[in-house]
Every structure is written in C-alpha cells, then in structure tokens.
Amino acid sequence: MNPEVRVAPGADVDERAVIGAGSSVWHLAQVREDAVLGRDCVIGRGAYIGTGVRLGDNVKVQNYALVYEPAEVGDGAFIGPAAVFTNDHRPRSVDPDGKQKRAGDWHPVGVSVGEGASVGARAVCVAPVRIGRWAMVGAGAVVTADVPDFALVVGVPARRIGWVGRAGERLEPDAPGRWRCPETGEIYQEIDGKIVESAS
C-alpha cells in the first residue's frame, strides 16, 4: 500500500486496487480488486467502490455511497451520502429456469460522471447513464437519462430545472442565450439547448 494513502482501521481495500497519493479510505469502506482511485480522493465511511471502478483525482465519495462497476468518475466529482450507481438494466437473481445467475450470466453497464459533477444524497443513477461535466443531481433524484453538462436535475425521474456553473450556483439569465454565475460572474452560452463556457 502506498504510504501516502490513509486507510482507516476496519476499511477493506483489496491489494489489487490502485489508490493515488493523498487519498483516504475511511472506516468500513470497501474498495474492490482492480479499482483505480486518483490522487487526493476521499472514500467515506461504509462506501463501496466496485471491481474495476475508476475514479479521477480529487473525487469525494461520501458515507455509504455505492459505486458499482463499471462506473467511471471524472476529476473533482462529488458523490453524495448513500447515492447509488446501478449496473444491471434488467436485474434478476435467477435465470428463467430458476437457477441463480452467476457473474458470466449478465453484462454490467455503468454510470459515467463527468469532471466536477455532483450527485446528491440518496440519488440513484440507473445505468447506463452519463452525468455531464459540472452537472448537479439533486438529493433523492432518480436519473434514468443522460444529464447534460452544467444541468441541474431533480425529481423522480430526474428532469432539468435549470443550469449551474462551476461554483455550483444556479445560473441567471444575462441576455438571450447568455447566462451568468451570480457568485463568480462567469458567462455561459446556451447553444442548441446546451451550455458552454464563454471565452469572453
């Protein structure tokens, strides 16, 4: 284990996992084989990181979140407490003959989370689905469709109710097709129903 990684007593980190320097894995968390965590990640108490899951740098996975393989999470993303990333679009414990399904009897599908995105507490992301860069999923939402970059989505099923900037503040209209962050003053352009950061 990398000496620059902090693993709390009671955490279960497989020796085949790769964990970047400065990362912390807290009590009762489990990090499975072949998972890859970037630098300066925080894995909260009781969180689960599945086999082969990939996390970028500076990712926070809060207490009791469940991140099932083959999820991929970008740099700086936030996964809230008790959030769940599913991996089976048609889950069954047994096959049509009543025999218990094994690892080779189904094909896992994953959740992809873009850079800087946030998934709120107890949200459920139903794979396969992509959460865009800097998007924000409200607490308790159920995401069943891709979320655009910078979108703010809430509800069951999740629907877009606005746009957010990098600071996490809801963007305010500034001019037709133009949005402003009330915290930073940054300008965003809306083009064909999508938000992009303005160069000016």
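Quick note: residue numbers are just sequence positions, from 1.
Under a 4.5 Å side-chain heavy-atom criterion applied to ILVMFWY residues, the cluster that includes Val196 comprises Ile191 as well. The other residues sharing a hydrophobic cluster with Val18 are Val36, where clustering joins ILVMFWY side chains under 4.5 Å apart.
Evaluation of the side-chain contact (heavy atoms from CB on, under 4.5 Å) rule for Ala167 yields Cys181, Glu183, Thr184 as partners, not counting sequence neighbours. Residues satisfying the salt bridge (Lys or Arg N to Asp or Glu O under 4.0 Å) criterion with Asp174, sequence neighbours excluded, are Arg178, Arg180. Residues passing the salt bridge (Lys or Arg N to Asp or Glu O under 4.0 Å) test with Arg166, sequence neighbours excluded: Glu197. With sequence neighbours left out, the salt bridge (Lys or Arg N to Asp or Glu O under 4.0 Å) criterion links Asp149 to Arg130, Arg133. For Ala82, the side-chain contact (heavy atoms from CB on, under 4.5 Å) partners are Arg122, not counting sequence neighbours.
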Under 3.5 Å, sequence neighbours excluded: what are the donor-acceptor pairs made by side chains of residues 151-164?
unit_1 : atom_1 : unit_2 : atom_2 : d
Arg159 : NH1    : Val154 : O      : 3.3

In a table with atom names and distances, give each donor-acceptor pair under 3.5 Å that connects a side chain of residues 66-73 to protein atoms at least two apart or in another chain.
unit_1 : atom_1 : unit_2 : atom_2 : d
Glu69  : OE1    : Thr51  : N      : 3.2

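Note: the hydrophobic cluster containing Phe150 does not contain Val147 (ILVMFWY, side chain heavy atoms under 4.5 Å, direct or indirect links). If you chain together hydrophobic residues whose side chains sit under 4.5 Å apart, Val124 and Val113 never meet in one group. Val59 and Val7 fall within the same hydrophobic cluster, where Ile, Leu, Val, Met, Phe, Trp and Tyr residues are linked whenever their side-chain heavy atoms come under 4.5 Å apart, directly or through other members.
The distance from the NZ atom of Lys60 to the OG atom of Ser118 is 10.5 Å, given to the nearest 0.5 Å. We find the CH2-CD1 distance between Trp134 and Ile195 to be 15.5 Å, quoted to the nearest 0.5 Å. Distance CD1/Ile79 to CD/Gln62: 9.5 Å, rounded to 0.5 Å. Note: Met136 CE to Ile131 CD1 = 12.5 Å, rounded to the nearest 0.5 Å. Distance check: Asp57 CG to Ser23 OG gives 8.0 Å after rounding to the nearest 0.5 Å. Atoms CD1 and CD1, from Ile43 and Ile49 in turn, are 4.0 Å apart once rounded to the nearest 0.5 Å.
Minimum heavy-atom separation, Thr144 to Val129: C-CG2, 4.3 Å. Considering all non-hydrogen atoms of both residues, Ala83 and Val119 come closest at CB-CG1, 4.2 Å. The nearest pair of heavy atoms linking Gln189 to Ile187 is NE2-CG2, 4.0 Å. When every heavy atom of Gly44 is checked against every heavy atom of Ala29, the shortest pair comes out as O-CB, 3.5 Å. In terms of heavy atoms, Arg45 sits closest to Leu28 at NH2-CD1, 3.5 Å. Counting all heavy atoms, side chain and backbone alike, Gly56 lies closest to Cys41 at O-SG, 3.0 Å.
The list of ring pair (Phe, Tyr, Trp, His ring centres under 6.0 Å) pairs with a residue in residues 8-38, not counting sequence neighbours, is empty. Applying the side chain to side chain donor-acceptor pair (under 3.5 Å) test to residues at least two apart or on different chains, the pairs with a partner in residues 91-105 are Gln100-Arg102. For residues 77-105, there are no ring pair (Phe, Tyr, Trp, His ring centres under 6.0 Å) pairs, not counting sequence neighbours.
Judged by distance alone, with hydrogens and angles left aside, the side-chain atoms of Asn58 form no donor-acceptor pair with the main-chain N or O of Asp75 at under 3.5 Å. A donor-acceptor distance shorter than 3.5 angstrom exists from the side chain of Thr86 to the backbone of Ala127, with no hydrogens or angles considered.
Judged by distance alone, the side chains of Glu190 and Tyr188 never bring a donor and an acceptor atom under 3.5 Å apart.
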Discussion item. Using the rule given for side-chain contact (heavy atoms from CB on, under 4.5 Å), can you reason through Arg32 versus Tyr48, listing the C-alpha separation, both sets of side-chain angles and the distance that settles it, and then say yes or no?
Written reply: CA-CA 8 Å; Arg32 295 283 305 274; Tyr48 175 84; 2.8 Å; yes
